[in-house]
There are 2 protein chains.
Amino acid sequence: MELLCLLNLNWSPMDNIKVIVVDDHPMVIEGMKAMLNQIRSVQVCAFASNAYEALDKVNEHLPDLVITDINMPEISGVELASKLKKDFPQIKIIGMSTFNERSYILQMMQNGADGYLIKSASKEEIEEAIVSVMNGKIYLSVDTAMTTQERRDIKTQPVLTRREKEILQLIGDGLTNPQIAEKLFISLNTVDTHRKNLLLKLDANNTASLVRQAIYFNLLYI
Amino acid sequence: MELLCLLNLNWSPMDNIKVIVVDDHPMVIEGMKAMLNQIRSVQVCAFASNAYEALDKVNEHLPDLVITDINMPEISGVELASKLKKDFPQIKIIGMSTFNERSYILQMMQNGADGYLIKSASKEEIEEAIVSVMNGKIYLSVDTAMTTQERRDIKTQPVLTRREKEILQLIGDGLTNPQIAEKLFISLNTVDTHRKNLLLKLDANNTASLVRQAIYFNLLYI
DNA sequence: CAAAAAATCCCCTGAAACAGTGAGCTGCCC
DNA sequence: GGGCAGCTCACTGTTTCAGGGGATTTTTTG
């Protein structure tokens, strides 16, 4: 226990921190690589453009830190963080996003992330974030001075099954339940059941709020 | 005619270009101001945090160039560009957005913008954009090499009336037609008519695609 | 293997949404 | 003052959704 504390809290800046960067925008990957390369003690051992690739690379390289975009197709950064923390609790995670998506930050934190960076962060901010997180602290690059009430209001990312995601996407594409049933070769009753579960999980009471929530939680690709 | 060409095409870098910056994020305004101040020949004469304020400031200062965010509450940058080009055709407009919103770019261009910048653009890119645009050229900071087919696929921003926007927002908030009728003190039939017009204008055939389209066109604030 | 999770299916009722058509009233612009 | 856009309201159907219940089979996972 004491050893663990030492390990976590005394990460000397001289140590070689192995980092994996995950983002679906090549521009961001390149920019991040360039900036991280200027930071001594950090070594970018791999990068990935989606969550599946990220999980592979993590298994292969066993990094100390994963810096991941929050918004990615198929599996979001929030879900990736959740999976990573479950399988590799010792790996630190920093979420990345743009200005407009402050709403995701606490979702990310609740799912295991240790820090948050805006994509336009400077080299200094990135370095500060990495040092903080590696020392076991929480780093947030924006002012997240929220009241307890506001924190309570942040909803946790709903966990959907594969079939539910599939049906949610088709609903978002404008298909009706009968059309979905025909497309997936399943009964209308089944589609109806999935739809009802989606309404429950996304805390919606009709199609409009279902779609809105789905887009808010980045579960629908438009 | 020849004089006009001369005026447009020979904007010397020594000239003092009056610029107004419009963005609802203070961070972006500050960053933009800092970067523009480093560019000689450019003078930031005002800034605004929404379209209404922008129109006031334009009337007051009569700038040469307006740099505006595409995503803003109430009136979007696309609509602002359209209004500006109508009332002040000589003023150049550069739209600004984040990585994820490439879909808006051509909408913006179709509504009168002269250039497009991503928010993470460097000082050099911004300078290049301003020089290009002031010389009557089109500047796009991302690779928008789209096929003619893709260009055709870009839908033009639908024009909604005030009442339609109001009802669209309430639909997006999850209210049913009877609830909207009660809230706005109008008949259920009226709400139904507006809803039908929204479905027509947004090219949707049910609530799901209506909400999706509305968010895509930035007509719904979530 | 056994438990748990996911996916499948069925029935019911009432409410809401979708589709089509027609029409009166107001304010604004040319 | 005529035309136009926007807002309002009405009527009649049909289809889909929401909400409630219960149930079986397949797949995943410890």
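As a basis for the values below, the full set of heavy atoms in this structure was taken, side chains included, without hydrogen atoms, waters or symmetry mates. Being a predicted model, the structure only gives us computed values, none of them experimental. Naming: A, B, ... by sequence-line order, numbering from 1 per chain.
- Distances shown here put every side-chain N or O of A:Arg162 at or beyond 4.0 Å from the OP1 or OP2 atom of C:dA6.
- Here the NZ atom belonging to B:Lys18 is positioned 9.5 Å from the CD1 atom belonging to B:Ile91, to the nearest 0.5 angstrom.
- A:Val133 pairs with exactly one of A:Asp114, A:Ile67, A:Ile17 by the side chain to side chain contact (heavy atoms under 4.5 Å, CB included) rule, that one being A:Asp114.
- We find that A:Glu166 and A:Arg162 are not joined by a salt bridge, their nearest charged nitrogen and carboxylate oxygen being 4.0 Å or further apart.
- Mapping A:Ile186 and A:Lys201 onto DNA chain C via the closest heavy atom, the residue that lands nearer the 5' end is A:Lys201.
- In terms of phosphate contacts, A:His194 brings no side-chain nitrogen or oxygen within less than 4.0 Å of OP1 or OP2 of C:dA7.
- When the local axes at the two ends of the helix from C:dC1-D:dG30 to C:dC30-D:dG1 are compared, using 5 base pairs at each end, they differ in direction by 60° after rounding to 10°.
- DNA chain D is contacted by both A:Thr193 and B:Asp192; B:Asp192 maps to the nucleotide lying nearer its 5′ end (nearest heavy atom per residue).
- To the nearest angstrom, C1' of D:dA5 lies 16 Å from CG of B:Leu200.
- In the set C:dT21, D:dT16, D:dC7, C:dT21 carries the atom at the smallest distance from any side-chain atom of B:Lys196.
- The nearest whole Å value for the distance from the CG atom in A:Leu184 to the P atom in C:dC9 is 10 Å.
- Protein atom CG of B:Asn189 is 17 Å distant from nucleotide atom P of C:dA19, rounded to whole Å.
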